[in-house]
Amino acid sequence: MTQPPHDEPTASSPDELREQVEQTREELGQTVEALAAKADVKARAQEKAAEVKEQAGAKAGELKEQAAVKAGELKEQAAAKAEELKEQAAVKAEELKARATGLAHQAQERLPDPVKEKAEQALAKAAQAGQMWQEKAPEPVRQKTAQGAQLARDNRNLLLTAAGVAVLVWLARRRTKA
């Protein structure tokens with residue numbers, strides 16, 4: 001028989017001895033289970049894989065959230081930039097419109113009176129021709145003509161200026177040929 005370890009007291013009765021044997025068996029069983037768990041590489045690998053998978057899922061969720069936040073920021077920046085560009089374009093359009101109006105007035109002021117009179121006469125004749133056309137044209141054609149006439153009336157100064165410039169060009173060419 002083997003001797004009991006020195007740090008454990010020896011049993012004084014058979015019942016105590018049985019109890020010590022049972023306790024030793026339990027401790028030995030637990031030790032064997034722990035050693036078996038350490039030796040089971042497949043189970044440890046599966047546990048580690050599950051742990052890594054869980055960490056990767058958590059990281060993916062975190063990155064997805066960061067991407068959504070960044071996408072929202074970029075969307076806001078793009079909207080702000082688009083609004084800024086829209087405002088700049090509107091300002092530029094107003095500047096160009098004012099400049100074109102000024103140039104049209106300058107050109108109109110430079111036109112000689114005979115050219116202005118001829119342009120007005122041409123407009124009067126065009127109005128007469130338009131009236132005749134209205135009387136003889138079918139309804140859909142009259143509607144389209146009315147729309148065009150309204151557009152011409154809305155841009156009368158521009159049309160007068162263009163007509164005047166055309167007459168000046170025609171007169172200048174006529175003089176150079178003569």
Side-chain angles (χ1 to χ4, degrees), residues 37 40-178:
D40 190 1
V41 175
K42 183 177 179 181
R44 287 178 52 204
Q46 287 175 343
E47 288 174 3
K48 187 67 174 177
E51 182 182 323
V52 168
K53 183 178 178 182
E54 186 178 313
Q55 289 174 350
K59 189 67 174 176
E62 183 180 317
L63 291 175
K64 183 178 177 182
E65 185 177 317
Q66 288 175 356
V69 168
K70 191 66 171 176
E73 290 173 0
L74 291 175
K75 183 178 178 182
E76 288 175 9
Q77 289 174 356
K81 189 65 172 177
E83 185 63 30
E84 179 183 333
L85 291 174
K86 182 179 174 183
E87 290 172 5
Q88 288 175 356
V91 167
K92 199 59 135 171
E94 284 297 318
E95 290 174 2
L96 289 174
K97 183 178 177 182
R99 189 171 176 198
T101 302
L103 290 173
H105 287 299
Q106 286 178 358
Q108 192 175 14
E109 290 172 2
R110 292 182 183 170
L111 286 177
D113 288 335
V115 172
K116 288 181 184 178
E117 289 172 12
K118 292 253 184 201
E120 288 178 9
Q121 289 173 2
L123 284 175
K125 286 183 181 182
Q128 284 177 344
Q131 183 64 33
M132 284 179 53
W133 176 258
Q134 280 254 325
E135 292 171 1
K136 295 181 180 181
E139 183 61 31
V141 175
R142 279 189 266 164
Q143 289 176 354
K144 290 290 184 183
T145 305
Q147 289 174 351
Q150 184 61 41
L151 184 62
R153 277 186 232 111
D154 291 344
N155 296 305
R156 185 175 183 182
N157 289 338
L158 183 60
L159 288 174
L160 282 173
T161 303
V165 170
V167 169
L168 284 177
V169 169
W170 177 73
L171 287 174
R173 285 187 157 205
R174 189 172 166 193
R175 286 186 186 166
T176 57
K177 288 183 180 179

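Between V69 and Q66 there is no side-chain heavy-atom pair separated by less than 4.5 Å. Counting only heavy atoms from C-beta outward, the side chains of E47 and E51 never approach each other to under 4.5 Å.
Remark: L123 CG to K118 NZ distance equals 14.0 Å, nearest 0.5 Å. Put simply, CD on E117 and CD on Q121 are 7.0 Å apart, with the number rounded to the nearest 0.5 Å. Expressed to the nearest 0.5 Å, how far CZ of R156 lies from CG of D154 amounts to 12.0 Å. Summarising the geometry, atom NZ belonging to K59 is positioned 16.0 Å from atom NZ belonging to K64; distances are rounded to the nearest 0.5 Å. Taking NZ from K81 and CD from E84, the interatomic distance works out to 4.5 Å, rounded to the nearest 0.5 Å. A distance of 10.5 Å separates OG1 of T176 from CG of L171, quoted to the nearest 0.5 Å.
Other residues, nucleotides and ligands contribute over 12 non-hydrogen atoms within 6.0 Å of the CD atom of E73.
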